[in-house]
Amino acid sequence: MLIFQPMSDELYSVRMHAERAGAHLCGAERLVSADRIEETAAVLVRRALVHPRGCAEGLRLAVDRVDPASVVRGRLPAVTTLQVSDFSTGRALAAELLAKAGVSSAAAVFAIHCLARGAAPDGRSMRGAMLVGATSGRRLEPDAARGVRVTRMDLSPQAEERLRADLAACGLDRPQVREALVLAAKVLAAPGVVAELCWSDDPDYTTGYVASADLGYVRLTELKPAGDERGGRVFFVDEARVDLAALIAFLEHQVFLADAVGAVYPPREPR
Ligand code: WAQ
Ligand code: MG
């Protein structure tokens, strides 16, 4: 039996990925203290067994100690929710917000078009995110089917408790919101990223967001028609300054822990 010696700031990465019918089914990960490894592993295994797309036929679980000195800590962006009546209005508003964040209109229109028609070469959703030049609108990710996957991020238990209470007060305490917020916090902390655009590939989840350092995390209640399985993420980068290899390494490997939360504002109509 393994005995982990809990130390106050010691963190472990607990990761799960599951497959079904020879294809990827789902994956999830957490960063937890030693005393929470066991319960966390159980929660991740359960997630693979009760997945909406079917029970996992195989899964791998990995537990790795993280060097505390290597962890980047950060704050979650503030959450705003703009209630729009339909996805065309939502996409037009997303383009306006991206312009405020320093993304050219050509780049914003191109990115929205890519997500709308399925950003992978086969017209489906990508597994990861597109990287798009904030000025030129050029696609910069090395693999247009896989994209860039952001991993190794989580919330501290204190930040999670606070976030859940603040989200619940606005009727927003859902896993989709919490997970997207943590991902957006890491993306906004990445070197060379100007803004992010996202909407889900879940056919029933029409809400997406635009995030930037100044705007925070701005939810738009409609960014695609209900029933559409196409979704994705776009990270807009400052082409003049970005070192793509360093950016991708940060997004894919840097351990990021959000240990502070931003404000959560009640949903409202756009002004
Ligand atoms: N790294 C990069 N891209 C990813 C990742 C990741 N770890 N996970 C998903 N993607 C990309 C991929 O193209 C998916 O198809 C797409 O994003 C959408 O992923 O505030 O549920 O997990 O109400 O379906 C946003 C709004 C919900 C939440 C996002 O995304 C809210 C969502 P999904
Ligand atoms: Mg999804």
Side-chain angles (χ1 to χ4, degrees), residues 15-17 24-30 47 51-53 76-84 87 90 94 97 111-112 114-132 139 141-154 163-164 166-168 170-188 190 193 196-211 215-224 226 228-237 247-254 256 262 264-267:
R15 285 170 294 146
M16 173 280 293
H17 69 97
H24 171 85
L25 174 69
C26 64
E29 64 164 320
R30 305 251 22 200
R47 200 157 146 163
H51 195 271
R53 285 193 285 121
L76 296 180
V79 179
T80 304
T81 300
L82 301 179
Q83 291 164 321
V84 293
F87 74 91
L97 291 165
I112 291 168
C114 286
L115 294 194
R117 60 133 218 257
D122 62 2
R124 291 198 283 179
S125 301
M126 295 165 70
R127 284 206 49 214
M130 292 166 64
L131 298 181
V132 169
R139 274 179 86 156
E141 74 278 8
D143 178 339
R146 178 181 178 274
V148 177
R149 295 274 308 167
V150 190
T151 64
R152 310 262 171 157
M153 68 228 152
D154 204 351
L163 176 70
R164 293 194 66 165
D166 292 354
L167 287 174
C170 295
L172 296 175
D173 186 31
R174 298 197 279 276
Q176 289 95 330
V177 180
R178 299 196 301 269
E179 286 170 12
L181 256 173
V182 173
L183 186 147
K186 182 176 175 188
V187 169
L188 293 179
V193 172
E196 181 188 355
L197 167 69
C198 164
W199 70 78
S200 180
D201 54 24
D202 175 340
D204 299 323
Y205 205 90
T206 59
T207 301
Y209 64 88
V210 169
L215 299 170
Y217 178 95
V218 185
R219 307 175 65 244
L220 299 158
T221 55
E222 308 293 329
L223 273 180
K224 70 171 187 183
D228 195 338
E229 291 193 2
R230 289 165 300 189
R233 283 186 156 88
V234 183
F235 306 153
F236 296 93
V237 304
L247 171 61
I248 292 169
F250 183 97
L251 292 169
E252 295 192 333
H253 304 298
Q254 173 63 53
F256 179 87
V264 179
Y265 300 106

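Numbering starts at 1 and runs along the sequence shown. Order of listing sets the numbers, starting from 1, for every ligand and every atom in it.
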Test item: T206 side-chain N/O and A226 main-chain N/O as donor-acceptor pair under 3.5 Å: no
Please lay out, stage by stage, how T221 and Q83 fare under the test side chain to side chain donor-acceptor pair (under 3.5 Å). CA-CA 5 Å; T221 55; Q83 291 164 321; over 6 Å; no
Using the rule given for side chain to side chain contact (heavy atoms under 4.5 Å, CB included), can you reason through L247 versus F235, listing the C-alpha separation, both sets of side-chain angles and the distance that settles it, and then say yes or no? CA-CA 11 Å; L247 171 61; F235 306 153; 6.0 Å; no
Show which atoms of ligand 1 fall inside a sub-4.0 Å distance from at least one heavy-atom site of D201. 14 (C), 15 (O), 18 (C), 24 (O)
Give a yes or no on whether the backbone of Y205 and the side-chain of W199 come within a donor-acceptor separation of less than 3.5 Å. no
Would you mind checking which non-hydrogen protein atom is closest to atom 26 (C) of ligand 1, with the distance to 0.1 Å? T207 O, 3.5 Å
Using a 4.0 Å cut-off to any heavy atom of G232, which atoms of ligand 1 qualify? 13 (O), 16 (C), 17 (O)
Check this for me, if you would: do R149 and E29 make a salt bridge, where the nitrogen-to-carboxylate-oxygen distance has to be below 4.0 angstrom? no
Answer yes when R53 and E229 have at least one side-chain N-carboxylate O distance shorter than 4.0 Å, and no when they do not. no
Which of the atoms of ligand 1 are close to Y217, meaning less than 4.0 Å from one of its heavy atoms? 20 (O), 26 (C), 28 (C), 31 (C)
Does L172 come within less than 4.0 angstrom of ligand 1, counting non-hydrogen atoms of the residue? no
Any idea which part of R219 is under 4.0 Å from ligand 1, heavy-atom wise: side chain, backbone, both or neither? side chain
Do any of the N/O/S atoms of D202, backbone or side chain, fall under 2.8 Å from the Mg ion (ligand 2)? no
For the Mg ion (ligand 2), the nearest N/O/S atom on D201 is atom OD1
Kindly confirm or rule out an N or O of Y205 lying under 3.5 angstrom from an N or O of ligand 1. yes
Atoms in ligand 1 with a heavy atom of S125 nearer than 4.0 Å: 15 (O)
When you look at R219 and L172, which way does the side chain to side chain contact (heavy atoms under 4.5 Å, CB included) test go after all the steps? CA-CA 11 Å; R219 307 175 65 244; L172 296 175; 3.2 Å; yes
Closest candidate by heavy atom, reference atom 30 (O) of ligand 1, pool R152, R233, Q176: R233
Straight-line distance of L97 CG to T80 OG1, nearest 0.5 Å: 9.5 Å
Which residue from R146, R124, R149, E229 reaches closest to atom 5 (C) of ligand 1 through any of its heavy atoms? R149
Suppose I only count heavy atoms of W199 and a 4.0 Å limit; which atoms of ligand 1 are within that range? 18 (C)
Determine, step by step, whether R178 and D173 satisfy the side chain to side chain contact (heavy atoms under 4.5 Å, CB included) criterion, reporting the C-alpha distance in whole Å, the side-chain angles of both residues, the deciding distance to 0.1 Å, and the verdict. CA-CA 7 Å; R178 299 196 301 269; D173 186 31; 2.8 Å; yes
Does R127 approach ligand 1 within less than 4.0 angstrom via side chain, backbone, both or neither, non-hydrogen atoms only? backbone
Is R174 atom CZ crowded by more than 12 heavy atoms from other residues, nucleotides or ligands, each under 6.0 Å away? yes
Heavy-atom pairs closer than 4.0 Å: do any link ligand 1 to the side chain of C198, the backbone, both, or neither? side chain
Does any N or O atom in V150 lie less than 3.5 angstrom from one in ligand 1, N or O only? yes
Output, in order, the C-alpha distance, side-chain angles, deciding distance and verdict of side chain to side chain donor-acceptor pair (under 3.5 Å) for Y217 and E196. CA-CA 9 Å; Y217 178 95; E196 181 188 355; over 6 Å; no
Give the residue, atom name and distance (to 0.1 Å) of the protein heavy atom nearest atom 2 (C) of ligand 1. V148 O, 3.2 Å
Show your reasoning for whether side chain to side chain contact (heavy atoms under 4.5 Å, CB included) applies to Q176 and S200. CA-CA 9 Å; Q176 289 95 330; S200 180; over 6 Å; no
Could you check which of G128, A120, S200, G118 puts a non-hydrogen atom nearest to atom 3 (N) of ligand 1? G128
Closest to atom 13 (O) of ligand 1 among protein heavy atoms sits M126 O, 2.7 Å
